[in-house]
Protein chains: 4
Amino acid sequence: MTIVGHLINGEMRTDAARSQDVFNPATGLATKQVALASKETVEEAIAAAQAAFPEWRNTPVGKRAAVMFRFKALLEQNADKICEMIGEEHGKISHDAAGELQRGIENVEYACGVAELLKGEHSKNVGPNIDSWSEFQPLGVVTGITPFNFPAMVPLWMYPMAIACGNTFVLKPSERDPSSTLFIAQLLQEAGLPDGVMNVVNGDKEAVDTLLTDVRVKAVSFVGSTAIAEYIYTTANANGKRCQALGGAKNHAIVMPDADMDNAVNQLLGAAFGSSGERCMALSVAVAVGDQAADALVAKMSAAMQSLKVGAATDSSNDFGPVITRQHQQKVVGYIDSSEKDGATIVVDGRNPQVSGYEEGFFVGATLIDGVTPAMVSYQEEIFGPVLQVVRVNTMDEAMQLINDHEYGNGTCIFTRDGEAARYFSDNIQVGMVGINVPLPVPVSYHSFGGWKRSLFGDLHAYGPDAVRFYTKRKTITQRWPSSGVREGVSFAFPS
Amino acid sequence: MTIVGHLINGEMRTDAARSQDVFNPATGLATKQVALASKETVEEAIAAAQAAFPEWRNTPVGKRAAVMFRFKALLEQNADKICEMIGEEHGKISHDAAGELQRGIENVEYACGVAELLKGEHSKNVGPNIDSWSEFQPLGVVTGITPFNFPAMVPLWMYPMAIACGNTFVLKPSERDPSSTLFIAQLLQEAGLPDGVMNVVNGDKEAVDTLLTDVRVKAVSFVGSTAIAEYIYTTANANGKRCQALGGAKNHAIVMPDADMDNAVNQLLGAAFGSSGERCMALSVAVAVGDQAADALVAKMSAAMQSLKVGAATDSSNDFGPVITRQHQQKVVGYIDSSEKDGATIVVDGRNPQVSGYEEGFFVGATLIDGVTPAMVSYQEEIFGPVLQVVRVNTMDEAMQLINDHEYGNGTCIFTRDGEAARYFSDNIQVGMVGINVPLPVPVSYHSFGGWKRSLFGDLHAYGPDAVRFYTKRKTITQRWPSSGVREGVSFAFPS
Amino acid sequence: MTIVGHLINGEMRTDAARSQDVFNPATGLATKQVALASKETVEEAIAAAQAAFPEWRNTPVGKRAAVMFRFKALLEQNADKICEMIGEEHGKISHDAAGELQRGIENVEYACGVAELLKGEHSKNVGPNIDSWSEFQPLGVVTGITPFNFPAMVPLWMYPMAIACGNTFVLKPSERDPSSTLFIAQLLQEAGLPDGVMNVVNGDKEAVDTLLTDVRVKAVSFVGSTAIAEYIYTTANANGKRCQALGGAKNHAIVMPDADMDNAVNQLLGAAFGSSGERCMALSVAVAVGDQAADALVAKMSAAMQSLKVGAATDSSNDFGPVITRQHQQKVVGYIDSSEKDGATIVVDGRNPQVSGYEEGFFVGATLIDGVTPAMVSYQEEIFGPVLQVVRVNTMDEAMQLINDHEYGNGTCIFTRDGEAARYFSDNIQVGMVGINVPLPVPVSYHSFGGWKRSLFGDLHAYGPDAVRFYTKRKTITQRWPSSGVREGVSFAFPS
Amino acid sequence: MTIVGHLINGEMRTDAARSQDVFNPATGLATKQVALASKETVEEAIAAAQAAFPEWRNTPVGKRAAVMFRFKALLEQNADKICEMIGEEHGKISHDAAGELQRGIENVEYACGVAELLKGEHSKNVGPNIDSWSEFQPLGVVTGITPFNFPAMVPLWMYPMAIACGNTFVLKPSERDPSSTLFIAQLLQEAGLPDGVMNVVNGDKEAVDTLLTDVRVKAVSFVGSTAIAEYIYTTANANGKRCQALGGAKNHAIVMPDADMDNAVNQLLGAAFGSSGERCMALSVAVAVGDQAADALVAKMSAAMQSLKVGAATDSSNDFGPVITRQHQQKVVGYIDSSEKDGATIVVDGRNPQVSGYEEGFFVGATLIDGVTPAMVSYQEEIFGPVLQVVRVNTMDEAMQLINDHEYGNGTCIFTRDGEAARYFSDNIQVGMVGINVPLPVPVSYHSFGGWKRSLFGDLHAYGPDAVRFYTKRKTITQRWPSSGVREGVSFAFPS
């Protein structure tokens, strides 16, 4: 069975001591092994990154950007292969994998413009003949720890900009679907990156803890669940590292009475069930304002859901695929059960999807639950599956209060035609990414991604302009030259 | 005896339970008492700030800036009184206090420009008819915890910008010299700030820990020693707060053989002994490259030091005053003793200064120590007194290695005429604030202040542009309007 | 009779050769004389500005900003006096004059933040050990030529930022109402500006042409009518000067069927008749979409207009005052006559206002004209009086076409609740300043003011960020230091 | 004989009416014909651009950038072919052509980052519930008129950014060497640009004047001689167009006594003679401070020049090639004659270079002239050939005065090790692009290119950040929503 290993100092490596299964979630079968790096292996990667830093840091910024331009081209040339790899291990359908990859490539494109982004601020004559300016210098060795749900995109949020800024990198991707991530890192190597600048180690907690405590690692970017995010953040900070840790979400859409309901339903369909709902920006709660809106929403949504097709990644006509593991499948089903037990109505039930030929796959069908209330556990927690919950409220303020009271604050959306409602919502909602008639308000690559409340730990958001600040530290230089130098010397030395 | 109390919700308050002495360090006598806020008192301040937040946040940015313009005027009108207050409790001479206040006022001026600084980024057509923009929204209640050595300036690094950004504030200043800080806060109130937006609580660890753990406090700015900074940072982060914590320093100046030596000595004199060396940017180590430069430096410096005058703040002809407490005086003297014991040469000895009429004052005279080596404890630690240590090295690289190996990385400087030496130094030195022939490279108010290594914990520096980012959180809004609104409706409704 | 003169090199001057009357437009009587500067006088002002330039340019930016802070304070202290001066010569009521002055002061406030705004861009390592940065250096002597309608505000758009950037200035204000402008310039002098940095010359075409052709003048800012703006722009450019010239306007508001009609009428009332319509941002055409909206608009507007009160500036209960001259009064009345003759309906007729006690004043009452069409001369030209024209169309696209076809493109507005209509409008309308339910979309001081089409000649808008670029020129410096300097020299010279 | 034609609306075209010879300057033979567009042909191109504008303007910015990414790749794939085309018609050697192309490609790369560069400024709550933001909208049809000396690079300064910003373009390149320019435009078409967005017309004054006067053209970028630049600028402005026109140069290097002379000579060699000196950034005057520096410079330079090899582009071991035409060759030789006649010393004489096999080529050899003075015509005018003039002065101030007194102010340089001298120079020199030990201080693509004085007409520099401002116009939108919309409506409609 193939073993997915590591990339250290420009070389492909496997760490023989420990490994674990990688599954095809559509078949339920283990198809590969992934090596789990020991502390020593991780330290080798860190050492390689440390050794590569001084020269890479001094490489002119244009040459660093040139590697990103080539990397982008290679990603595009290898897109089909990458999407296939994602499909095999994650289970997402090719159109969805292609979307993920495209978003990732856009982060590489943004890193191509690093020369503009790294500009410091120059002030002339802050005092008599004194100038002052800032430089944004790289940190050194930085690391990323990334989740299974976007094996291509989330790592690409991190290392292209980190590396373009002059840092060197050690990536610890998800051990659930490691192949595409590793392959993409090889493409970066192929793009002309010097050995040791980019390293990948597969692994588990041992690898993570090594990265979090090694004094040579200067910064940690993490995306995952809130519990782990908090652990990562606290541990990294206690070890003197800068950290940004993105956690869980429970993203609500308010559906106003004046909304274009057909449009709203159409948008929500993809936002709730796309990628089996395994997205931290998945829209998992629709808050309908008034029963009229709620009834219309539920009726149209349940009708629209009839045409949704769940199945294996190999059939591109499917709308979405399996969830990542057997355990996760059971957890999602458990949340549906719990909703039902708590008094909610299962309008469309995806607990027993029939996927012919894939009876052992980890499938959950699209599920619509009406009458959900804030008191239910299934409302309070992140389900991370193809489940849309409907909550009914009487007023917009009530809807907003619901959102503001929730532990998470990643994304949210309002469906309305009314300018004032939209502005009041976006101003006052305690959520980091807000959509006006846009159910998945993932910022484009030249803005930054980040939730509020317990959806993100740290000062700076992911990718975009904030990433430049995260991966660099400010140095401020103040300069005055003594006045009796060669200039006046010459004046005296050569009288006319 | 006067009790220095608190400012809570627009009212002056004293918390009767506990208090401690405030000394005049020139006479060694306790002259006032400072109230030490209980947990309950601090919570009242937090509650007041919390209550004031919604309205202040919604106050248009221009109106928030208007308060800062008036505050600046009041600070200027009350400058003499403030400087006198500083002199009485901190001991610094009026010209030095005036310098501190001026630097503080410049931070208020920068906050006057907050409307420009808060601008978000707007992108048209990120997709078909989809726009996206960012807003930098205030955090809520934020706090500052500040040291004795700049009772006016360091608080002014923090709350003017925090408040201008729309936050409300609770300040916990130093209990050693609380009067000027409290008075300045009253001036802000007088400038038209609504009650509760700015609050001051005097106190000790009880107050600090209340601020660090209260869930309503969203961010902490701290300046003090590294040990406390690290505690503050870790505790604040573990309690879900954003934090920047500035700690200790050991600032080196490299004196190159081509330096303008008279200029260097003249500059170092103020940088080493000004404010009795109780500055985190004090230049406390001169690293001379080559014995020729070292001998010249020591000779000229010891000569120049003869004219330095130490004494009470009431005599403005003095160059610097006492240190802050009896204990600190003894600690500084202890470092001089230790240098001597470790084999260094005490070239000018300030251990027994004669200050006529102030025999009980906490004075230490200007001290020059030659032959200091990295192995000495007095080199490794921050002395925070009027002591300049000279280290002799053979090459510039050796000098830089010394600096890069030190635990701290706040400020540093090089004296040279050579463009290449200056550029190599500023590029490669592991220090956050770098001077070229500028021994105190404190950034002006429109740049940001921050050290590297264990001199600062956090991603963002103090004041300047970074303060705007520290005191706000990014919200990204993505907007698309459904197409069949009133516009097309009208087209069909009123055919010509 | 008082003669209003010039401010040259810090001294008040009158130029005896020629002068002309200054009227009180409420009484119709000449109350003062204004000196008209000869070519020689203007050249003296230019020479003074030229002489003051080198030192002012080298004054640290913080010291330049300090003058602006003091200037702001003096403007606020003298606000009543300034408003009275404006009222006497321009005729606008005190609340209106106060509004003008406040807008002007906000430009001074923005100039207080010049240190931030002048920051250049610094790039490290554009090549191996090569750095590059930009500086925005002042131009030298620059000039402003300003109109009668905002004697305080429009000059304050220009010289505070020009001077804060390090330029020196010669202002040629309107000779119709010169007193407040001159007085304000004296306040700037009082604020501590060195002699010669700010100069004012009153005058006519002789003064203007001298400024436009003198080789020492580097830039011209102009606000006035389009015909003159074009002359100024072409002449200045042909004489090697940078120029921005703002001209006329015809600002339309689209009133959509879904508009909040009471709000729209209330807003339009001030926007159409405030300051007698003598504003380049006056809203002079309401385009109603559909007859239903049009009928409601005309009915509510004509009702609301009954309460409008026209009269002298001395009575602050008046809504607006006279127009500037007898000739202009007749011109405005002529446009009303012409509308009527062309078939429009004069719904409310202001041609014979009764202002008791001011029978000789230059008054025109608020006038509402319905049924205006694009073919009418009164529609095609700028009336610049208290006249609101109503055009009726069937669709929003028709309304927009009307606006896009007009020669001018200064300001415009839409009244709607619909997000999509607003966004379509702001995206596609060929106008520089767009309001959504804001009839006078004058940008705040930290944005920039400028129309499109024949409302502005030049690349950069007035005040705000664009002013910084207009009043400075970019210098780009690229730096590499030879490698064998003192640094390595030392390495060899002092081997260990 | 091949006819080089036009690219209009996506099609290759030739305009049969008129044409002229294109020469190979190394052989002196005409090898092709270039079509000269009639007024009608140019108008067709403008019409095509006008028609393509609305859709291209509305294309999301990311899709516009995507074309630039593909364009960059095609330029790199076709680099050899392009360099060969340049060599055949311009005469420059392949390494020089490759350098030109690389610089051009970097401008395409900068345009890839257009999404970041187009961001507007968004201000929340400029008043109560009022927001304001700016958008930078494209102008429409814009044009570029470019010189022979950089047939690839200078057009690439212009249209990639213009097009990325949403404009459509008509390029009128030099008729001397049109092939590479046209071919590159075809590559852009191949990259996926819609028909009509990019158009090329070859031609002469008829084409130029059509572009300058057609009302549909909104902006003109020009690079050429100062006389023509001034004509272009004045004509474009008088026709209501925005314009930036770059003209001639006379770039001086100051050689200080402390300069690293070997380095200076080595640098000057390329800067003076590279591309036969036919660069507006060519370093054509060395100003030596003190006779000692001058003597050393002349001695080392004349020695170094011995190894320079002039010849045809086909031999890549040549250092530089012929000048562009027979007439220009004679003009350059005329300047050398005139220097000699005026009393200067021809130290190295390039008037009769022997280029075996290319006796009819338009060659001039590298020429060094000592003892040049400001009174000489050859000093006052731009030679634009491989000629380096040496002026001797006694002091640095004298050297700077010389530069500041010259009509042109494009580029300049100082050779020194001294920080103070460099800073004094860069601060006070009246030149737009300044080098410190960098003789060709051409800004990198993410800064902007522009001279001062009569080297540039216009407010904004070429390429880099300024290009974004040049190719867009600011629109400022101010928005308030009426308060009684669907939001409150819902509150009342559905009471609990």
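All chains are named by letter (A, B, ...) in the order of the sequence lines, taking the proteins before the strands, and each is independently numbered beginning at 1. Predicted, not measured: the structure shown is a model, and the values here were computed from it.
The distance from atom CZ of C:Phe449 to atom CE of C:Met153, rounded to the nearest 0.5 Å, is 7.0 Å.
Across C:Lys119, C:Glu106, C:Arg480, the residue that shares the most heavy-atom pairs under 4.5 angstrom with chain B is C:Lys119. Of the listed residues C:His447, C:Glu109, C:Gln479, the one with more heavy-atom pairs under 4.5 angstrom with chain B than any other is C:Glu109. Among B:Val444, B:Val393, B:Leu117, B:Asp131, the residue with the largest count of heavy-atom pairs under 4.5 Å with chain C is B:Asp131. Between chain C and the options B:Gly464, B:Ala115, B:Pro465, heavy-atom pairs under 4.5 Å are most frequent for B:Ala115.
Cation-pi contact between C:Lys72 and B:Phe69: present, with separation from the ring centre below 6.0 Å and deviation from the ring axis of at most 45°.
Relative ring orientation between B:His122 and B:Trp133 is described as parallel, the plane-to-plane angle staying below 30° on a 0-90° scale split at 30° and 60°.
Inspection of the B:Thr416 and B:Asp258 side chains reveals an N or O donor paired with an N or O acceptor under 3.5 Å.
Neither the backbone nor the side chain of B:Val114 comes within contact range of chain C; no heavy atom of the residue lies under 4.5 Å from a heavy atom of that chain.
The two residues B:Phe136 and B:Thr472 make their nearest non-hydrogen contact at CB-OG1, 3.6 Å.
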